[in-house]
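Okay, so here's the structure we're looking at.
Chain naming here is simple, since letters A, B, ... match the order of the sequence lines and numbering starts at 1 in each.
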2 protein chains.
Amino acid sequence: MNSGTERNTEEKILKAARQVFTEKGMAGARMQEIADKAGINKAMLHYYFRSKEKLFDRVFKEAFGLFWPRVDQYLQTTTDLKTLLKAIVTSYIDVLIDQPFLPIFILNELHRNPDHLKRLFFETGVDPTQLLEIIKGEMAAGNIVEMDPRELLVNILSLSLFPFAARPLVSRILWDNDQESYVAFLKERKNTVYEFIVRAVFVSSAC
Amino acid sequence: MNSGTERNTEEKILKAARQVFTEKGMAGARMQEIADKAGINKAMLHYYFRSKEKLFDRVFKEAFGLFWPRVDQYLQTTTDLKTLLKAIVTSYIDVLIDQPFLPIFILNELHRNPDHLKRLFFETGVDPTQLLEIIKGEMAAGNIVEMDPRELLVNILSLSLFPFAARPLVSRILWDNDQESYVAFLKERKNTVYEFIVRAVFVSSAC
DNA sequence: GTCTATAAAAGGATAGAC
DNA sequence: GTCTATCCTTTTATAGAC
């Protein structure tokens, strides 16, 4: 048999790999750095994962799962668009405050190698149609303004994700590099983004 | 003297370097590929720019200049917030349709090496205060809803830039990988983003 | 200024002992 | 399973002829 530490070592490698790959990207990451962070040597990385690419794929697929919102879950509970909107925005911001490198990492790697998407498509079952149908329904009922439903979805993603992707730029220029208050700003966005979108698309009944 | 082609060669190198660096990033770019694209050999790259890093810095700084909106220009012409908003969104989308790799490139490199910003700060004179003051003014006058002025600026940037940064993801999942109609969508955003923001922040006087 | 050839270093991967 | 030592390829950078 074995010494019984293999799960432990594998987990240590994955933890280190997540850190290094998400910070440096595939091209910038070094196997040596991953080994050092995991407290082992390079040979072990290959013993467990055969190649840099295979290790990367494992990390990337996992990250993508976190990144694409699991809207399906919320759809079990409710079909009210405002409630869904609040849930999506909140869940995104909560995840990304813990994993700030996720957006740039995912977007960057998809940029360099769009074929990743083909594989991920089948494996993670991404499907926005249900959400788009709900949006269409609200539109037909006259509750929200006329627009391409996909456009609304893109705007939700934009407002939720961009401030994380652009964090080094925005936090320095607009928040004077004060990370604490920038995180506070990001947390407040659970409400402010929600309200911003509601004002932009829901037809006011106050008149 | 020299053979008189040096400006020409330098420009050929820069053109190739722009292409390769913005597509692959600093870590993924190869000097060989830049040389091939420029139709010369590697030795020439070092003759003109000494090192990969120096060549990269030159390209990056130039790209950042394009990326950060030159709001100052518009501020000469008008101080009306709606007009400014329309001008900013339009100019962004026009630039990025020509240079689709710009957002990911800039955001990615700032992520990996935030110190670039320190240098760029002094050299490009980025200063959003004037625009923020205008927003505050409109708020005090009761024309737009109460919010952190920086938040509005972040939302403008988010809605303008994100669909470019996330293009491989969004165009595949929501536009079925039809690049032509995705570009059409991006162009329409000169209007739709503007209208979206106006509905979200300007206090309606229709009641 | 431009080229060929080559140095020098880095980085991914493997062999083989324990 | 884990380590050390080493191979082999890639890649940046320079020397030197023209």
Are B:D178 and B:S171 packed together at the side-chain level, in the sense that at least one heavy-atom pair is separated by less than 4.5 angstrom? no
Measuring to OP1 and OP2 of C:dT2, would you say a side-chain N or O of B:N41 lies under 4.0 angstrom away? no
Tell me which one of B:K24, B:R167, B:E23, B:R18 satisfies side-chain contact (heavy atoms from CB on, under 4.5 Å) with B:F101. B:E23
Any N/O pairs under 3.5 Å between the protein and nucleotides 13-15 of chain D? List them or say none.
| from | atom 1 | to | atom 2 | distance (Å) |
| --- | --- | --- | --- | --- |
| D:dA13 | OP2 | B:H46 | NE2 | 3.1 |
| D:dA13 | OP2 | B:K52 | N | 2.8 |

For A:K24 and C:dG12, give me the distance from atom NZ to atom P, rounded to whole Å. 12 Å
Atom CG of B:L55 to atom P of D:dT11: distance rounded to whole Å? 17 Å
Under 4.0 angstrom between A:R30 side-chain N/O and C:dG12 OP1 or OP2: yes
Dump the intermediate steps for salt bridge (charged side-chain N to carboxylate O under 4.0 Å, His left out) on B:E33 and B:K37, then the final yes or no. CA-CA 6 Å; B:E33 191 181 349; B:K37 274 221 162 66; 3.5 Å; yes
Once side-chain contact (heavy atoms from CB on, under 4.5 Å) is applied, do any residues pair with B:D127, and if so which ones, sequence neighbours excluded? B:T129
Between A:M44 (CE) and C:dT14 (P), how many Å, whole number? 15 Å
Rounded distance [0.5 Å steps], CG in B:L131 versus CD1 in B:I156: 6.5 Å
Could you state the CZ-C1' distance from B:F56 to D:dT12, rounded to the nearest angstrom? 16 Å
For a ring pair (Phe, Tyr, Trp, His ring centres under 6.0 Å) check, start with the C-alpha distance between A:F105 and A:F60, then their side-chain angles and the critical distance, and finish with the verdict. CA-CA 9 Å; A:F105 173 59; A:F60 182 79; 5.8 Å; yes
Looking at every strand, decide which applies to A:A29 at a 4.0 Å heavy-atom threshold: base, sugar-phosphate, or nothing. sugar-phosphate
Take atom CZ of A:F49 and atom P of C:dG12, then tell me their distance rounded to the nearest Å. 16 Å
For A:F56 and A:F21, I'd like to know if the aromatic rings sit close, meaning centre-to-centre distance below 6.0 Å. yes
Expressed as a whole number of angstroms, how long is the span from A:Q32:CD to D:dT4:C1'? 13 Å
For the OH atom of A:Y92 and the CG atom of A:L186, what is their distance to the nearest 0.5 Å? 15.0 Å
To the nearest angstrom, the CD-P distance between A:E11 and D:dG1 comes to 15 Å
Can you see if the side chain of B:T9 gets near the phosphate of C:dT2 - specifically, an N or O under 4.0 Å from OP1 or OP2? yes
To the nearest 10 degrees, how far apart in direction are the end axes of the helix from C:dG1-D:dC18 to C:dC18-D:dG1, each fit to five base pairs? 10°
In terms of ring plane angle, is the pair B:F64 and B:W68 parallel, tilted or perpendicular, where the classes change at 30° and 60°? parallel
Rounding to a whole Å, what distance do you find between A:I40:CD1 and D:dT4:P? 12 Å
